[in-house]
2 protein chains.
Amino acid sequence: MPEVPPEAPTGDELLRVLSALGNPHRMRIVAALLESRNYVSALARLIGMGRPLLHMHLQRLEAAGLVVGTLEVGEDGKSMKYYDVTPFCYELTPRIVAQAAATLTETTEPDRATGRAAKEEAK
Amino acid sequence: MPEVPPEAPTGDELLRVLSALGNPHRMRIVAALLESRNYVSALARLIGMGRPLLHMHLQRLEAAGLVVGTLEVGEDGKSMKYYDVTPFCYELTPRIVAQAAATLTETTEPDRATGRAAKEEAK
DNA sequence: GGCACCTGTCAAAGATTTCTGACACATCTC
DNA sequence: GAGATGTGTCAGAAATCTTTGACAGGTGCC
């Protein structure tokens, strides 16, 4: 049996997943793809959305590991990029969120090497 | 015994939860509050964040039902707003997301059938 | 009174994210 | 060739989210 995230996703991973799913359009995209895999242009027509925009949303979902895209070549020689929903499974509880938060890499990139956050205690 | 969302949260609810948690600062806030409940000003000092900003983040978390704030009056007469993390528990799978997406009441969509996309009734 | 805390709000800046209309390329059919 | 399909990209609006500083009030203590 394949492994699913057992308990503790990294902060960055969880953040990517949550912010990817925290968007009505992307939720609908997942729903549409779960019903049947599809390629970009057809999916764009199906849910009434511009191709460039859908492309962006799909990239966000794929970056979060929620969908996967494979470039397939049809018998007519046209290449279409089909997207499938991955069987992801995340549990959201205070403890898991807290654990993830502890492993968050500073979002603001202050320095190249130090990795030190440049937040000082004022006052 | 209070019930936790067993399986199918509404689209709006899940959307609120995901977009609330899909932010590094808010994840850290949940983590800090889970370690120990706190009131706004102290929490602001603790995580090095302005009060107005923290206030906004807490409102977002509370609107999603992830934390609750209670205005308590100490014996010294000062009122402090203490926040607690609620024991939320959400499961994130393709099916659950798809189900939630189906009940989304949001979008500039034209309209389908009884369609009447409106904001929630303020209380 | 003045100081140190607490609470809340508001209006702007600042930074992201979202969205749109181009553009580029390829293949197949007419 | 033109026209349909598919792929991807880009720059720039448009909308939204984040952040800041100033303001309003409240209480207790020196």
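Because only heavy atoms are used, hydrogens play no part in the values below, and waters and symmetry mates are left out as well, while side chains stay in. Letters go in sequence order (proteins before strands), and every chain restarts at 1.
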message = Less than 4.5 Å apart, side chain to side chain, heavy atoms only: is that true for B:R60 and B:R16?
response = no
ask   = Would A:L18 and B:L92 satisfy side-chain contact (heavy atoms from CB on, under 4.5 Å), going step by step from the backbone distance to the final call?
value = CA-CA 10 Å; A:L18 295 179; B:L92 238 46; 4.1 Å; yes
key: B:N23 vs D:dT18: side-chain N/O to OP1/OP2 distance below 4.0 Å   = yes
query = In whole angstroms, how far is the P atom of D:dG21 from the CE atom of B:M56?
reply = 15 Å
request  = Whole angstrom is fine here: how far is it from CD1 in B:I29 over to C1' in D:dT18?
outcome  = 12 Å
ask   = Is the phosphate of D:dT27, meaning OP1 or OP2, less than 4.0 Å from a side-chain N or O of B:S79?
value = no
ask   = Can any side-chain N or O of A:T86 pair as donor or acceptor with the backbone N or O of A:G65 at less than 3.5 Å?
value = yes
query = NA contact type, A:M49, heavy-atom cut-off 4.0 Å: base, sugar-phosphate, or nothing?
reply = nothing
inquiry  = How many whole angstroms separate atom CZ of B:R16 from atom P of D:dC17?
reply    = 13 Å
request  = Return yes when atom CD of B:E35 has more than 12 non-hydrogen atoms of other residues, nucleotides or ligands closer than 6.0 Å, and no otherwise.
outcome  = no
key: side chain to side chain contact (heavy atoms under 4.5 Å, CB included), paired with B:L66, selected from B:I29, B:V85, B:L21, B:L58   = B:L21
message = Quick check: on DNA chain C, is the nucleotide nearest A:H57 upstream (toward 5') of the one nearest A:D76, or the reverse? Name the residue that is more 5'.
response = A:H57
Check: B:T70 side chain, B:E72 main-chain N or O, donor-acceptor pair, under 3.5 Å = no
message = Is there a side-chain contact between A:R51 and the phosphate of D:dG6, meaning an N or O under 4.0 Å from OP1 or OP2?
response = no
ask   = Think B:K81 has a side-chain N or O under 4.0 angstrom from the OP1 or OP2 of C:dC6?
value = no
ask   = NA contact type, B:V40, heavy-atom cut-off 4.0 Å: base, sugar-phosphate, or nothing?
value = sugar-phosphate
query = Counting only side-chain N and O atoms of A:R60, is one of them less than 4.0 Å from OP1 or OP2 of C:dT18?
reply = yes
ask   = Counting only side-chain N and O atoms of B:R45, is one of them less than 4.0 Å from OP1 or OP2 of C:dC5?
value = no
Separation of atom CE in A:M80 from atom P in D:dA4, rounded to whole Å = 18 Å
request  = Can you tell me the distance, in whole Å, between the CD atom of B:Q59 and the P atom of D:dC17?
outcome  = 14 Å
ask   = Can you check the A:E72 CD to D:dG8 P distance for me, whole Å?
value = 12 Å
ask   = Taking atom P of D:dG6 as reference, at what distance in whole Å does atom CD of A:E75 sit?
value = 15 Å
query = Base, sugar-phosphate, or nothing for B:G77, non-hydrogen atoms under 4.0 angstrom?
reply = sugar-phosphate
key: Interatomic distance, A:L71 CG vs C:dA26 P [rounded to whole Å]   = 15 Å
inquiry  = Both A:K78 and A:P52 contact DNA chain D. Taking the nearest nucleotide for each, which residue is further toward the 5' end?
reply    = A:K78
query = Can you tell me if the side-chain N/O atoms of B:H55 get under 4.0 Å from OP1 or OP2 in C:dT7?
reply = no
message = Would you say A:Y39 places a side-chain N or O within less than 4.0 Å of OP1 or OP2 belonging to D:dT7?
response = no
message = Can you tell me if B:H25 touches the phosphate of D:dT19, counting only side-chain N or O atoms and a distance under 4.0 Å to OP1 or OP2?
response = yes
